[in-house]
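These figures come from a predicted structure and were not determined experimentally.
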Amino acid sequence: MTEIVLGVGASHSTLMNTHWEETLHKDRAERFRDALKAARDELAAARPDTVILVGSNHFRGFWLDLIPSFTLGVGECIASGESGTPKGPQPVDVPLARHIANSLVEGGRFDPAYSARLQIDHGQSHAVQYLLDGLDVEIVPLVVNVFAPPLPTLARCEQLGSAIRDAVLAFPGDRRVAVIGSGGLSHRLPWPDWRDPHGEDEEFMVGAWLNGRENWQDYDARRREIIRAAEAALNPEFDDEFLSLVEHGLTHRITEYSTEELEKAAGNGAQEVRTWLLMAALLDHVPGRRLAYEPMPEWLTGMAVAVLDPVQTTERQP
């Protein structure tokens with residue numbers, strides 16, 4: 001019998017790796033890092049065989065020559081290794097990944113893209129680094145387009161999470177499966193709408209996204225300069241409201257936002273909450289526990305960690 005044993009939502013930022021010593025709010029940074037360790041320990045205690053790893057892509061594995069809304073890794077998975085994150089092949093649970101892909105298509109609910117040689121970046125490898133460190137698990141990577149509009153709607157992401165949940169529970173093997181949603185919360189990246197860039201920096205970014213498939217490293221230094229020069233644009237009130245939804249098992253209510261409304265409220269980077277929404281749907285929206293929330297302007301992001309544990313939720317019920 002295959003079961004889903006734990007869910008984790010966690011923000012990511014490569015600035016944790018590259019600019020830790022320059023971080024001004026070191027106390028906040030340490031609390032966030034400690035929460036990642038606590039979530040990692042809960043994952044270890046749940047003893048998963050496989051982790052469905054839901055994340056975004058920052059134009060290092062996907063480029064404007066082809067941007068699917070959802071892509072499942074069903075074969076090789078290579079981490080790009082930028083900014084001190086893990087690099088190289090990652091272990092994939094191929095039977096489960098291909099079962100999910102087949103089930104979604106044959107069931108008529110979704111037609112996701114799939115890749116037998118998927119490249120992921122820190123949108124997922126940050127979680128590998130901090131949440132799966134030392135764990136003997138395989139992954140099923142799922143990449144969600146959150147940065148190249150038009151984006152999949154929040155409602156569509158919630159529906160996909162529910163469909164994958166059904167597929168996982170119907171898997172004819174014996175798996176303990178955990179789910180990680182990596183991304184968010186509020187933040188604004190200095191990234192243009194690729195369809196309407198303005199100025200040299202935005203033109204450069206769109207050129208990198210279009211032409212970087214074979215040589216993304218050639219664009220990376222200037223990309224980092226543009227990002228480091230950006231001013232933080234956090235919305236702790238939005239983040240607290242979103243985490244309250246997670247805590248009360250109401251994450252699906254975020255689907256009331258349109259893509260445009262979400263960006264206006266919490267920045268273009270907040271589109272990554274789709275990964276949390278997918279994770280929560282895979283856990284059937286059980287109530288979660290907030291382990292940390294820290295607004296980190298140095299990292300441009302509201303940083304949070306939460307855990308969804310179906311066993312504890314059942315135990316709390318009368």
Side-chain angles (χ1 to χ4, degrees), residues 9-16 54-64 67-71 82-83 121-124 126 143-158 181-210 212 216 219-220 222-243 251 254-278 293 295-304:
S11 305
H12 58 242
S13 172
T14 58
L15 297 172
M16 278 185 65
V54 187
S56 56
N57 192 279
H58 303 77
F59 299 101
R60 291 187 178 89
F62 289 85
W63 289 265
L64 289 176
I67 299 284
S69 292
F70 308 107
T71 306
E82 81 281 11
S83 303
D121 66 19
H122 74 269
Q124 291 169 306
H126 193 277
V143 180
V144 183
N145 172 33
V146 303
F147 289 124
L151 309 183
T153 65
L154 290 154
R156 193 62 171 158
C157 292
E158 201 273 339
S182 177
L185 299 181
S186 69
H187 63 297
R188 179 170 295 281
L189 296 172
W191 288 5
D193 183 328
W194 67 271
R195 300 165 296 187
D196 188 28
H198 298 279
E200 290 185 5
D201 285 347
E202 292 193 359
E203 292 281 0
F204 169 82
M205 282 291 198
V206 173
W209 300 342
L210 182 61
W216 65 261
Y219 297 93
D220 219 37
R222 185 172 174 188
R223 279 172 48 125
R224 300 292 293 179
E225 290 175 1
I226 293 170
I227 292 171
R228 289 296 296 157
E231 294 185 5
L234 309 185
N235 186 339
E237 291 77 18
F238 170 88
D239 294 342
D240 182 67
E241 291 175 3
F242 177 74
L243 290 169
T251 316
I254 198 68
T255 62
E256 296 171 6
Y257 280 85
S258 69
T259 295
E260 293 74 20
E261 289 167 343
L262 181 58
E263 178 170 351
K264 184 177 180 179
N268 59 353
Q271 306 294 356
E272 288 183 323
V273 300
R274 286 165 169 79
T275 67
W276 287 60
L277 177 60
L278 265 155
Y293 173 70
M296 293 296 299
E298 305 96 314
W299 299 349
L300 306 179
T301 305
M303 307 294 290

Shortest non-hydrogen contact from [X] to [Y]?
X: Val144; Y: Pro152; answer: CG1-CG, 4.3 Å
X: Leu64; Y: Ile67; answer: CA-CG1, 4.0 Å
X: Pro197; Y: Pro192; answer: CA-CB, 4.3 Å
X: Phe242; Y: Ile254; answer: CD1-CD1, 3.9 Å
X: Leu185; Y: Ser11; answer: N-OG, 3.6 Å
X: Ala265; Y: Phe238; answer: CB-CD1, 4.4 Å

Can you check whether [Y]'s main-chain N or O pairs, donor with acceptor, with [X]'s side chain at less than 3.5 Å?
X: Asn57; Y: Arg60; answer: yes
X: Asn235; Y: Ala266; answer: no
X: Glu158; Y: Leu277; answer: no
X: Thr255; Y: Leu154; answer: no

Spacing of [atom1] belonging to [X] relative to [atom2] belonging to [Y], to within rounding of 0.5 Å:
X: Met296; Y: His187; atom1: CE; atom2: NE2; value: 13.5 Å
X: Thr301; Y: Leu189; atom1: OG1; atom2: CG; value: 6.5 Å
X: Leu300; Y: Ser186; atom1: CG; atom2: OG; value: 10.5 Å
X: Trp209; Y: Trp216; atom1: CH2; atom2: CH2; value: 15.5 Å
X: Leu15; Y: Arg228; atom1: CG; atom2: CZ; value: 5.0 Å
X: Thr259; Y: Gln271; atom1: OG1; atom2: CD; value: 5.0 Å

Note, [X] side chain near [Y] side chain (heavy atom, < 4.5 Å):
X: Asp239; Y: Pro295; answer: no
X: Asp121; Y: Phe59; answer: no
X: Phe70; Y: Arg156; answer: yes
X: Ile227; Y: Pro190; answer: yes
X: Met205; Y: Trp194; answer: no
X: His122; Y: Ser83; answer: no

Problem - ring-ring contact (aromatic ring centres under 6.0 Å, His included) involving Tyr293 - partner list, sequence neighbours excluded - result: none
Exercise for the section: List for me each residue that meets ring-ring contact (aromatic ring centres under 6.0 Å, His included) alongside Phe147, sequence neighbours excluded, and say none if there are none. Expected result: His58, Trp191
Exercise for the section: Examine the side chains of Thr14 and Arg224 and answer whether a donor and an acceptor come within less than 3.5 Å of each other. Expected result: yes
Practice task
Can you tell me which residue pairs pass the salt bridge (charged side-chain N to carboxylate O under 4.0 Å, His left out) test with a partner in residues 258-275, sequence neighbours excluded?
Solution key: Arg188-Glu263
